[in-house]
Amino acid sequence: MLSKLNPRQKEAVKYISGPLLVLAGAGSGKTSVITTKIAYLVNTCGISAKHIAAVTFTNKAAREMKERVTNLIKGKNARGLIVSTFHNLGLNIIRKERTILGFKPGFSIFDQQDALALIKDLMLKDLGDDGGLAEQFQNIISNLKNDLVTPEDAIAQAASPQEITVAQIYSRYQRTLKAYNAVDFDDLIMIPALLFQNHPSILEKWQSRVRYLLVDEYQDTNTSQYLLVKLLVGIRGALTVVGDDDQSIYSWRGARPENLDELSKDYPSLKVVKLEQNYRSAGRILKAANQLIANNPHAIEKKLWSELGYGDPIRVIKTRSEDAEAERIATEILTKHLHKKAEYRDFAVLYRGNHQAKLIELKLQAHQVPYKLSGGTSFFARNEIKDAMAYLRLLINPDDDNAFLRIINVPRREIGPSTLEGLGTYATERNVSLYSACSEMGLEQGLASPKVEKLRRFTHWLDKISENCERNDPIDAIKELFNDIDYEAWLHQHCSSPQIAEKRMANIWFLVDSLKQSIDKDEDGETGIKEAVTKLILRDLMERQEEEDESDKVQLMTLHAAKGLEFPHVYIMGMEEEFLPHRSSIEEGNIEEERRLAYVGITRAKQTLAFTLASKRKQFGEVHSSAPSRFLDELPDEDLEWEGRGDESKEVKQARGREALAGLKNLLDS
DNA sequence: CATCGTATAGTTTTT
DNA sequence: CTATACGATG
């Protein structure tokens, strides 16, 4: 089990007598350390798997880790092992402690969009605000939650009129969520953390459940996650955290890389192990990465090295326009592929902002190069999926007014604004949800009876579906739901072409199928429809994506999205001032995080690395000339091979080479 | 209620 | 420039 590890990694695995910080550079095998350590704890130390928890940030990381651990531990011995995201762990804590927290079964989880809609609504009602500031408010509220500031605290702390307004909206927002029997993403961490802080007996219970804790990507933890970890670990210090301060690229989201340094204050006996051997990249790439990141201040110095040879020069390609830049990358990938040098999947094109993907996408299409675009509009942002999710959420939680309002008239049930207004007044007066108001109302006068009749018909129908869910096969019941409302017909009415409508309907059935798989898997023996729907909201499915990963496609993604991945050949586009250090970061003076972003990009490359930049760029319709990124100056000059900056002879030669390749391509095409 | 037109903004986003 | 969102109009 330990034989595949290097001495430092072994040390990190075997040290279990106290808190441990593993400073793991990019590509240094940190996942191996975590997975092997879990196996070591179970197989060698005889600690029961059910007392071990490993926490990550993404579902993908959690899935991968779980798979690798179960391969190391004999199946049965892995029972009860917790490998999950922070949010999932929080969700499970809230579920188990639901009663004391005052939530009803089947509570909903609001994603950002739900939350934003709610905040907008509250601002409109309370302030008469047009909601233009809603995003900012949402951001502030999120930050408050990440810092464990309750609404009461916020009101007490508020100094300026602006802060008072935010605090009031925060307070209203939190109360409304409770009334909807719902929580948002930030609550999934904050609520358990506050619960543990205020209820020692509950904390003790969880401490005896989780006797050893491992945390991945610790540099990305925010204050509430930090406190959750600290409370859960308690004075025992049975903790291993793995992180890399140089890969902290989410500080704008509340991540505090300082949590790495502060660990030694919380645990004076903290042991630190550095992993500096890199198993991913050629030496030259690491040299460049090291030299770049050396420009950032460091509490603990770290220098990556590898035994993989020095590798090809790092190319810097300067083109005259953004169009030429994208064209250049596309043709180069194409020709390399035609020369059988590499599969398409071996290439990644990384960029700072999502909008940069458009041009390269276009060029790849023109050359018929298959590509996969990560990020962008997600599956869950699609309207049909949001409708479907609203139905599912309402099904498991009738108090979810947000979901109710989304679908009450989709498809049309002739329930318009005036009916809803009446219903809303009734519900607010009696402090009940819109859904229960539907069935309650009508016993008395209030609204004209045909309107009430429509509302009651709706609730009776959904009640029936809900009953079928409990008694019979829930999947059948859900299929019945979508057939009953004839969503397909509604789609056909609202889509420009029948093909699009069919595709959207297929998305719905894909969603239902994911639910089915989630229930069928039944790992914990208690995955019911409620849990399955919640999993969907937390985006924990994506079987289809795995299939897509198998296919041979060029990978297009932001630098942020590339963290944790690796590719033989990497292109980083837009290496220009105001772009890679991004303009707003320059203004805010946050160059260090931009440098880390560049560092993350560089360290994704295994064999070759190329930067591209354009000397002129069209921005919002107007042409601007742009300067090369300052980060290029921070790289070792002797390892860079410039193109488009003097050095004519070399370039002419290369241009000729490209022409020859284009000729070859024509030959192969015909 | 739907569609068309104009106004407006335009980093990153694991859950 | 282009995508999106909201408002006015039929």
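Within every chain, numbering begins at 1; the chains are lettered A, B, ... in the order of the sequence lines, protein sequences first and strands thereafter. The basis for the numbers below is simple: all heavy atoms, side chains too, and nothing from hydrogens, waters or symmetry mates. This is a predicted model, so every value here is computed, not measured.
- Here B/dT15 presents its P atom at 18 Å from CG of A/L228, a figure rounded to the nearest Å.
- One atom, CD1 of A/I189, and another, C1' of B/dT15, lie 8 Å apart when rounded to the nearest Å.
- Judged by ring centres under 5.5 Å apart and planes tilted less than 30 degrees, A/F57 fails to stack against the six-membered base ring of B/dT15.
- Atom-to-atom, CG of A/L116 to C1' of C/dC6 comes out at 15 Å; the value is rounded to the nearest Å.
- Nucleic acid contact for A/T56: none, since no nucleic acid atom lies under 4.0 Å from a heavy atom of the residue.
- The nearest heavy atom of DNA chain B to A/Q112 and to A/N409 marks one nucleotide each, and the one closer to the 5' end goes with A/N409.
- Between A/E622 atom CD and C/dT2 atom C1' there is a gap of 15 Å when expressed in whole angstrom units.
- Among the protein residues, A/F86 comes within range of no part of the nucleic acid, since none of its heavy atoms lies under 4.0 Å from any strand.
- Of the listed nucleotides (B/dC1, B/dT12, B/dT15), B/dC1 has the atom at the smallest distance from the side chain of A/R412.
- A heavy-atom distance below 4.5 Å is not found between the side chains of A/M573 and A/F611.
- The residue A/E594 sits close to a base: some heavy atom pair falls under 4.0 Å.
- A/D220 comes within 4.0 angstrom of a base, heavy atoms only.
- Remark: A/N354 is in phosphate contact with B/dT13, judged by side-chain N or O atoms under 4.0 Å from OP1 or OP2.
- Between A/H87 and A/F57, the distance from one ring center to the other does not fall under 6.0 angstrom.
- Comparing C/dC1, B/dT13, C/dA3 against the side chain of A/Y250 picks out B/dT13 as the nearest.
- Rounded to whole Å, atom C1' of B/dT15 lies 11 Å from atom CG of A/N146.
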Which is it for A/F567 and A/F347 under the side-chain contact (heavy atoms from CB on, under 4.5 Å) test, yes or no, and what are the steps along the way?
CA-CA 6 Å; A/F567 311 93; A/F347 295 94; over 6 Å; no
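- A/Y173 and A/D184 are linked by a side-chain donor-acceptor pair at a separation below 3.5 angstrom, with hydrogens and angles left out of the test.
- Between B/dT11 and A/S585, no contact under 4.0 Å exists linking OP1 or OP2 to a side-chain N or O.
- Counting to the nearest Å, the P atom of B/dT13 and the CG atom of A/L538 are 19 Å from each other.
- Nearest-nucleotide positions on DNA chain B for A/I537 and A/E414 put A/E414 closer to the 5' end.
- Rounded to the nearest Å, the gap between the P atom of B/dT11 and that of C/dT4 is 14 Å.
- In this structure, a donor-acceptor pair under 3.5 Å is present between the side chains of A/R595 and A/N296.
- Both stacking criteria are satisfied for A/H582 over the base of B/dT11: a centre-to-centre distance under 5.5 angstrom and an angle between ring planes under 30 degrees.
- Rounded to whole Å, atom C1' of B/dT13 lies 8 Å from atom NE2 of A/H560.
- Using C1' as the reference atom, C/dC1 and B/dT12 are 22 Å apart when rounded to the nearest Å.
- Nearest to the side chain of A/R352, among C/dC6, B/dT11, B/dG10, sits B/dT11.
- In this structure, A/T558 and A/L350 have side chains that are not in contact, with every pair of non-hydrogen atoms separated by 4.5 Å or more.
- Rounded to whole angstrom, the span from the CD atom of A/Q113 across to the P atom of B/dT13 amounts to 14 Å.
- Nucleic acid contact class of A/S584 (heavy atoms, under 4.0 Å, all strands): base.
- Among B/dT13, B/dT11, B/dT15, the nucleotide with an atom closest to any side-chain atom of A/W252 is B/dT13.
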